[in-house]
Amino acid sequence: WRELHEKLTLANALEVSSESGRKVWVSTCHLFWDPRYPDLKLLQAWLLERELSALSGGAPLILAGDLNSTPLLDGRSQGPKGAELSGVYQLMTQGAVDALHPHHPVLLRPTRGLLAGVRPKDVPE
């Protein structure tokens, strides 16, 4: 938990309403930059998604920002069809990341911090 607080992220959200009452949320963010900590970026992205979903209440949401992540696990932006996605990109495009994903905090930090002793099989679907 301490590591997450030390690697601060930034997020802002704004609700925009038209005269007809239609609402849309616009948000921007900045996730932690260091490629050595993909698990922290994934955790920040998950917290961001959870908070924005609750805040927007199902209204349309536009998210723009510096996610400091590439689409592919190996750091590339493009690759062959079926190439494995990075954790942040998978979360943002598919809504979930399996506990066996190489960027998942449970897999990368099995013996330290908040997740000490938690194994991939302990993580609910």
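- Between the Ser20 side chain and the Ser18 main chain, no donor and acceptor come within less than 3.5 Å of each other.
- Counting heavy atoms from C-beta outward, Asp66 and Leu31 have side chains that stay 4.5 Å or more apart.
- Shortest non-hydrogen contact noted between Asp98 and Gln90 is N-NE2, 4.2 Å.
- Leu55 and Leu14 end up in different hydrophobic clusters when Ile, Leu, Val, Met, Phe, Trp and Tyr side chains are linked at under 4.5 Å.
- In terms of modelled atom types and a separation under 3.5 Å, the side chain of Asp39 and the main chain of His103 share no donor-acceptor contact.
- Transitive grouping of hydrophobic side chains (ILVMFWY, heavy atoms separated by less than 4.5 Å) brings Leu42 and Leu47 into a common cluster.
- Under the 4.5 Å side-chain contact rule for hydrophobic residues, Val88 and Leu63 share a cluster.
- In plain terms, the two heavy atoms of Ser27 and Leu61 that are nearest each other are CB-CD1, 4.3 Å.
- Here the straight-line distance linking atom NE2 of His104 with atom CH2 of Trp46 works out to 9.5 Å at 0.5 Å rounding.
- Of the residues Asn68, Leu52, Asn12, Leu48, the one that meets the side-chain contact (heavy atoms from CB on, under 4.5 Å) test with Cys29 is Leu48.
- Asp74 contributes atom CG, which lies 9.5 Å from atom CD of Glu84 (distance to the nearest 0.5 angstrom).
- Among pairs with a residue in residues 20-36, those fulfilling salt bridge (charged side-chain N to carboxylate O under 4.0 Å, His left out) read Glu15-Lys23, Asp34-Arg36, at least two apart in sequence or across chains.
- No donor-acceptor pair under 3.5 Å is formed between the side chain of Ser56 and the backbone N or O of Trp25.
- With 3.5 Å as the limit, one finds a donor-acceptor pair spanning the side chains of Glu49 and Ser53.
- In this structure, Thr70 and Ser86 approach most closely via the heavy-atom pair O-OG, 2.5 Å.
- Within the 4.5 Å cutoff, the side chain of Leu72 has no heavy atoms near those of the Ser77 side chain.
- Residue Gln94 places its CD atom among more than 12 non-hydrogen atoms of other residues, nucleotides or ligands, all under 6.0 Å distant.
- The side-chain heavy atoms of Ser69 and Tyr89, taken from C-beta on, include no pair separated by under 4.5 Å.
- In the hydrophobic clustering of ILVMFWY residues, with side-chain heavy atoms under 4.5 Å counting as a link, Leu85 and Met92 come out apart.
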